[in-house]
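Both backbone and side-chain heavy atoms feed into the values below; hydrogens, waters and symmetry mates do not. As the structure is a computational prediction, the values presented were derived from the model and not from experiment.
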Number of protein chains: 2
Amino acid sequence: MNPSPTSARNLRSAHDLGDVVLRPVRGHHAFEGCVEQLATAIRLGVFASGSALPPERELAERMGVSRATLREAIAGLRAAGMVRTTRGRGGGTVVSYEPTAPARGGTPGIAERKGELLDSLVYRRVVEPGACYVAASRTLSASERMLLTTSLQEVDRAEDAATHRQADSRLHLAIASVTGSPMTIEAVTEVQGCLHDMLQAIPVLEVNIEHSSRQHRSIVEAILGGDATKARRAMEQHCDDTAALLRGLLG
Amino acid sequence: MNPSPTSARNLRSAHDLGDVVLRPVRGHHAFEGCVEQLATAIRLGVFASGSALPPERELAERMGVSRATLREAIAGLRAAGMVRTTRGRGGGTVVSYEPTAPARGGTPGIAERKGELLDSLVYRRVVEPGACYVAASRTLSASERMLLTTSLQEVDRAEDAATHRQADSRLHLAIASVTGSPMTIEAVTEVQGCLHDMLQAIPVLEVNIEHSSRQHRSIVEAILGGDATKARRAMEQHCDDTAALLRGLLG
DNA sequence: TGTCAATGGCATGACCTTAGACCTTTAAAG
DNA sequence: CTTTAAAGGTCTAAGGTCATGCCATTGACA
């Protein structure tokens with residue numbers, strides 16, 4: 001009666017957790033992963049235009065990859081015009097990528113990733129408010145407090161949409177960073193990568209920027225003040241507002 | 001005066017985000033990753049003893065790895081005595097791992113991972129309460145509600161410490177699963193893997209089990225009742241209590 | 001009972017990745 | 001000006017990973 005329950009197989013539970021926990025061990029080739037990670041870091045403004053990437057040997061070690069592989073990745077970035085490389089002492093690989101304003105010439109490849117992107121909005125709602133809570137609960141060092149205030153100022157000071165977008169990402173990463181938790185930082189980095197792709201795909205409204213700036217201020221204020229609950233609530237609101245906006249535009 | 005600020009390099013900000021966002025592209029070899037993931041799933045009870053793993057071809061595809069690589073991983077599990085493989089139609093790879101009671105014969109390799117494990121407690125505090133909130137916010141299908149109640153019952157019914165440990169993991173994975181968010185599920189899976197390793201390393205107290213069972217009940221109750229705030233608060237309490245216990249034992 | 005299909009077992013060749021050593025270039029240091 | 005050290009550029013041998021196709025085994029089904 002049941003569709004072929006072979007003795008062993010049907011011991012698996014109905015709503016099978018096994019179907020759900022097994023994830024790809026790794027997406028693609030190592031060098032593609034490197035390209036993606038570096039490109040994301042650059043686009044998010046973690047490495048500003050004009051600044052140098054760490055030396056290849058150091059980068060390779062930090063990314064857990066051989067120098068040959070890392071070099072292939074850098075060659076990819078160079079081919080894409082995101083970095084320029086010079087040799088000799090004092091040389092290195094320098095970021096030549098200038099942030100571009102959102103919604104320039106359509107949305108390349110957003111539609112195909114719709115599922116992943118919608119998921120990232122849910123995940124963000126989980127991760128970022130939690131990170132805020134943790135950040136606000138900790139006693140922050142002077143340099144950590146400085147990182148937060150500086151990042152916030154950079155968001156406020158941004159004059160064009162492109163710089164503002166990067167400063168926004170950096171602020172969120174800064175908040176994650178002051179949790180002191182590598183896993184949390186990784187999660188926020190992943191989320192911000194997706195978010196950036198979405199926000200680049202839509203036109204920016206002045207109203208939205210003003211609105212989110214207010215939220216940013218109250219988030220940072222709450223974290224610096226050590227009010228974990230308030231910090232989380234503020235970030236929740238921020239995530240929900242952004243998500244509503246983006247879900248509307250993804251259909 | 002400053003320690004050698006070469007023109008380009010010092011454009012990197014003081015509290016350098018770049019130092020913090022770059023993560024290993026992938027830990028180790030693909031087949032090690034497979035072993036780890038499958039072994040964790042088995043130890044957490046996602047694949048119960050006696051049940052069959054999916055066919056190699058299917059598993060390989062789901063894990064994004066070639067069958068050759070996956071087979072090497074399975075060979076590893078077989079060598080470790082966790083699975084048994086039979087050929088022919090109706091054959092397959094069957095889990096032969098029986099859960100073991102915590103704290104049997106010391107704590108192999110917990111000390112070296114101390115940093116990672118402590119981090120996972122912070123990360124858990126971020127992820128699981130958030131997952132609860134999302135789960136409680138959704139309208140759950142009948143089978144999702146069933147999954148939750150069943151998982152809860154299994155925790156309560158567990159008669160020895162070993163099965164209780166697995167049922168506990170499965171309940172947490174079930175909660176993640178009903179968020180419907182793959183990224184969230186992945187995060188909780190990772191966290192539960194670490195948590196399991198820690199909890200296996202300590203003796204279980206009847207008191208603690210009783211305490212956490214109460215918390216489990218109120219968590220599931222809140223999720224089923226759609227009370228997101230209450231669900232999150234209950235899970236926060238649960239995480240904090242477990243974390244306090246474990247931090248004490250990790251030094 | 002015989003056939004078949006689902007499953008694990010195996011082999012091949014192309015490609016990727018690694019580790020390490022060594023070369024070349026070039027600015028900084030003396 | 002010479003030396004030096006810090007970078008990127010190149011090579012090689014060994015091993016990991018992949019896609020694919022085919023073989024071997026064995027329970028299910030007619």
Quiz item: Has the side chain of T163(A) got a donor or acceptor atom that lies under 3.5 Å from a matching backbone atom of E159(A)?
Solution: no
Quiz prompt | Length of the CD-C1' vector between E61(A) and dA19(C), whole Å | solution = 13 Å
Exercise. Write down the distance between CZ (R57(B)) and P (dT20(D)), rounded to a whole number of angstrom.
Key: 13 Å
Quiz item: So what does A68(A) touch, heavy atoms closer than 4.0 Å: a base, only the sugar-phosphate, or nothing?
Solution: base
Self-check item: Between H164(A) and D168(A): side-chain donor-acceptor atoms closer than 3.5 Å
Solution: no
Quiz item: For E56(A), does the CD atom have more than 12 heavy-atom neighbours from other residues, nucleotides or ligands under 6.0 Å away?
Solution: yes
Practice problem: Indicate, yes or no, whether a donor-acceptor pair under 3.5 Å links the base of dG8(D) to the side chain of R71(A). | Solution: no
Quiz prompt | Separation of atom CZ in F31(A) from atom C1' in dG16(D), rounded to whole Å | solution = 17 Å
Quiz item: Could you state the CD-C1' distance from E56(B) to dG9(C), rounded to the nearest angstrom?
Solution: 8 Å
Exercise. To the nearest Å, give me how far apart NE2 (H29(B)) and C1' (dG15(D)) are.
Key: 8 Å
Quiz item: So do the side chains of L121(A) and R125(A) get within less than 4.5 Å of each other, counting heavy atoms only?
Solution: no
Quiz item: Quick one: which of dG21(D), dG8(D), dC18(D) gets closest to the side chain of R67(B)?
Solution: dG21(D)
Quiz item: Around R84(B), counting heavy atoms of other residues, nucleotides and ligands shown, do more than 12 lie under 6.0 Å from its CZ?
Solution: no
Quiz item: What is the distance from CG of L70(A) to P of dT10(D), rounded to the nearest Å?
Solution: 15 Å
Exercise. Would you tell me whether S120(A) and R124(A) have side-chain atoms, one donor and one acceptor, within less than 3.5 Å of each other?
Key: no
Practice problem: Please report, rounded to the nearest Å, how far the P atom of dG8(D) is from the CD atom of E58(A). | Solution: 10 Å
Practice problem: Tell me which residues in residues 72-89 of chain A put a heavy atom below 4.0 Å from DNA chain C, sorted by number, or none. | Solution: R87(A), G88(A), R89(A)
